[in-house]
Structures are given as C-alpha cells and as structure tokens.
Enquirer: 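Here it is: the structure, laid out below.
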Amino acid sequence: MTKTLGLIGSGMIGGVLARLAVDAGLDVVLSNSRGPETLTDLVAELGPRARAATADEAARAGDLVVATIPLHAYDRLPADALAGRTVIDTMNYYPERDGRIAPLDRREVTSSTLVQRHLADSHVVKACNNAFYLALLTRARPAGSPERSALPLAGDDPAAKAETTALLDALGYDTVDIGTLDDSWRSEPGTPVYVRPYFPGMPPWGSSQDDLQRWFRETKAAPVTADLVKELTGLAVRNHAGERLPGRFTSD
Ligand SMILES: NC(=O)c1ccc[n+]([C@@H]2O[C@H](COP(=O)([O-])OP(=O)(O)OC[C@H]3O[C@@H](n4cnc5c(N)ncnc54)[C@H](OP(=O)(O)O)[C@@H]3O)[C@@H](O)[C@H]2O)c1
C-alpha cells in the first residue's frame, strides 16, 4: 500500500495528484527542475503531509512515484533512484512543446515505451495522462459513489498495475486496464478517451484559473464509467505515420 507518493514534476498534473493524495491521507514528496526552494508555496498550500526535495530524493522517498514532466525531459528522469519502483507516467507527446521525436512520429513505439526503456529497472504504468488537470481534480469521488469516473491504465507489469489501481482507487478513480505499454497509444492525445469525455461541456477558456476551477467544480456531468472507458479505448484508431497529432487541450 502506498504511504508516500513521490512526484517528479509539480506543475498542473503533479500539483493535482499531490492534492488528491494528501486528501487521501498520503504523504507526498514534491520535486521539479528548479529545486525544492521554488516549491515553498505549494508545500504550504498542501499542508504538513507535503514536503519538497530534489527529483532524486523524491524518487527514493516514494513507495510509488509519478513522473509528470514535459516528455522532452523524460531521459532526465533519475533512472538509478527509480530502480525497482513503480513509476506512473502521465506524459504526452506534443511536438510543438517537446520537439520532434522521430520514433513517435513514425508510430514505432508509444511514448511510455520510450520512458520504460530509459527507466529499464523500473515498472512504468501509463495513467492519468488523458484527463485535463482540473477535470482530474474535480471528478475524484470516493469508491462506491454513483458519480465516480474511471481512468485507463496500461503497463507491462501486473503487480505495478495493481499498485497503481490501488493508488487511484484511494485518490478517487476506478481504473480500466487497457493492456501493455505498447497498447497505451489508445489513451494518447487525439484518441476518443482523451480529455473530452471528462469535460462537462465547454469550459470557459480565457477565464482566470480560479473561475475555471469553479466552473469545473460546479458544472455537473455524467461520470466517465469503466464501461465507457472500455468502449472509447476500443474505438481508438492509430494515426498513420507522419499524420499530425491534434493540438493541445489547454486554455492557451
Ligand atoms: N496539464 C494537463 O492537463 C495534463 C493532462 C494530462 C497529461 N499531462 C501531461 O503530464 C505532463 C506534465 O504536465 P503539466 O501540465 O503538469 O506540466 P507543467 O504544469 O508544465 O509542469 C511540469 C513540471 O515538470 C517539472 N520538470 C520539468 N523538467 C523536469 C526535470 N528534468 N526534472 C524534474 N522536474 C521537471 C517542472 O518543473 P520546473 O517548473 O521547475 O521546470 C514542473 O514542475 C506533461 O507531459 C503533459 O503532457 C498534462
């Protein structure tokens, strides 16, 4: 059972997962690229269960670690410190942010397979990559709630997937196992399960973050059930080589 969650990356997704983890009674160790002293405000906001450290320390401190940084930096994840651990990979490939990564453009591998190759001694699980961060924050519900949603996950190691399922259960989500890391393209950008099903309508892009967050909290929507996740990931069609990936789903 995960007691301490390590986070490499403490931006939009890292911050939300830290919030959900603290609310679920876990300790969190946050890190980023600029150093722990730049995370003082976030740590204060999260309260006494949170602390900041270097990426290496966060990797070693976590029973389970989330890697949630821009994909272009995946080869800077601390492989030695992460050895033997389950690593949740939330990362998506956006060429306009990440630059061109040829094997991904050629659809030879999934982005998570690249991450797994770099973290050869860890067990990578792709999860939490297909929900906009405010949706991830506001759609979390306790187990048994009729409003509870599900998230897809993929990975090569059954025990790591079970560990991730237990963590996401505590954080407020059911999960649907969609296969191996090679299968994880079924939740990548541009697929039917990516971002849109978790939107309760059209968010007021351009509003302040506070207003946007309020909108996500107050706008009712049907849960994205496990059956719907299965259906949508089953409908996914892989882009042909060279086809442009759809743009980012953010307010910018
Ligand atoms: N935003 C979303 O709604 C969303 C949804 C699903 C998936 N994702 C994916 O999840 C990942 C994170 O997204 P995000 O929106 O949370 O990004 P973000 O807000 O830009 O945050 C990125 C974080 O990664 C840290 N970082 C960058 N390079 C690092 C390194 N080498 N070592 C340690 N930390 C590093 C940054 O720290 P510094 O600020 O100190 O550089 C920052 O804390 C991306 O791959 C994204 O595509 C995002």
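Just so you know, ligand 1 is whichever comes first in the structure, and atom 1 is the first atom listed for that ligand.
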Enquirer: Would you confirm whether Y198, through its side chain, and S149, through its main-chain N or O, come within 3.5 Å as a donor-acceptor pair?
Expert: no

Enquirer: Just checking, any donor-acceptor pair under 3.5 angstrom between side chains of K126 and S111?
Expert: yes

Enquirer: Determine, using heavy atoms of A135 and all atoms of ligand 1, whether some pair is separated by less than 4.0 Å.
Expert: no

Enquirer: Using a 3.5 Å distance criterion without hydrogens, assess whether the side chain of D63 forms a donor-acceptor pair with backbone atoms of T4.
Expert: yes

Enquirer: Using a strict cut-off of 4.0 Å, indicate which atoms of ligand 1 neighbour a heavy atom of F132.
Expert: 3 (O)

Enquirer: Is there a donor-acceptor contact under 3.5 Å from the side chain of D98 to the main chain of Y94?
Expert: yes

Enquirer: Can you confirm whether more than 12 heavy atoms, excluding those of R51, are under 6.0 Å from its CZ atom?
Expert: no

Enquirer: For C128, state whether at least one heavy atom is located under 4.0 Å from any atom of ligand 1.
Expert: yes

Enquirer: Measure from the side-chain N and O atoms of N130 to the backbone N and O of Y194, and report whether any donor-acceptor pair falls under 3.5 Å.
Expert: no

Enquirer: Counting N and O atoms only, with roles assigned by atom type, does the side chain of R85 sit under 3.5 Å from a partner on the main chain of A59, one being a donor and the other an acceptor?
Expert: yes

Enquirer: Below 3.5 angstrom, do we get any N/O pair linking R34 and ligand 1?
Expert: yes

Enquirer: Name the option, out of D75, L7, L77, T68, that contains the heavy atom nearest to atom 13 (O) of ligand 1.
Expert: T68

Enquirer: Does M91 reach ligand 1 with a nitrogen or oxygen that is under 3.5 Å from one of the ligand's nitrogen or oxygen atoms?
Expert: no

Enquirer: Compute the minimum heavy-atom distance from S31 to ligand 1 and say whether it is under 4.0 Å.
Expert: no

Enquirer: Does S33 reach ligand 1 with a nitrogen or oxygen that is under 3.5 Å from one of the ligand's nitrogen or oxygen atoms?
Expert: yes

Enquirer: Sub-3.5 Å donor-acceptor pair from the side chain of T180 to the main-chain atoms of D156, do we have one?
Expert: no

Enquirer: Within ligand 1, which atoms have a heavy atom of Y133 less than 4.0 Å away?
Expert: 2 (C), 3 (O)

Enquirer: Only counting residues at least two apart or in another chain, list the ones meeting ring pair (Phe, Tyr, Trp, His ring centres under 6.0 Å) with F216.
Expert: F132, F199

Enquirer: Show which atoms of ligand 1 fall inside a sub-4.0 Å distance from at least one heavy-atom site of I8.
Expert: 33 (C)

Enquirer: Under 4.0 Å from a heavy atom of P70: which atoms of ligand 1 are those, numbered in the order shown and with their elements?
Expert: 22 (C), 24 (O), 27 (C), 45 (O)

Enquirer: Taking atom 45 (O) of ligand 1 as the point of reference, which of D89, I69, D98, L136 owns the nearest heavy atom?
Expert: I69

Enquirer: Look at atom 47 (O) of ligand 1 and find which of R97, H72, M12 reaches it with the closest heavy atom.
Expert: R97

Enquirer: With a cut-off of 4.0 Å, which atoms of ligand 1 are near a heavy atom of A131?
Expert: 5 (C), 6 (C)

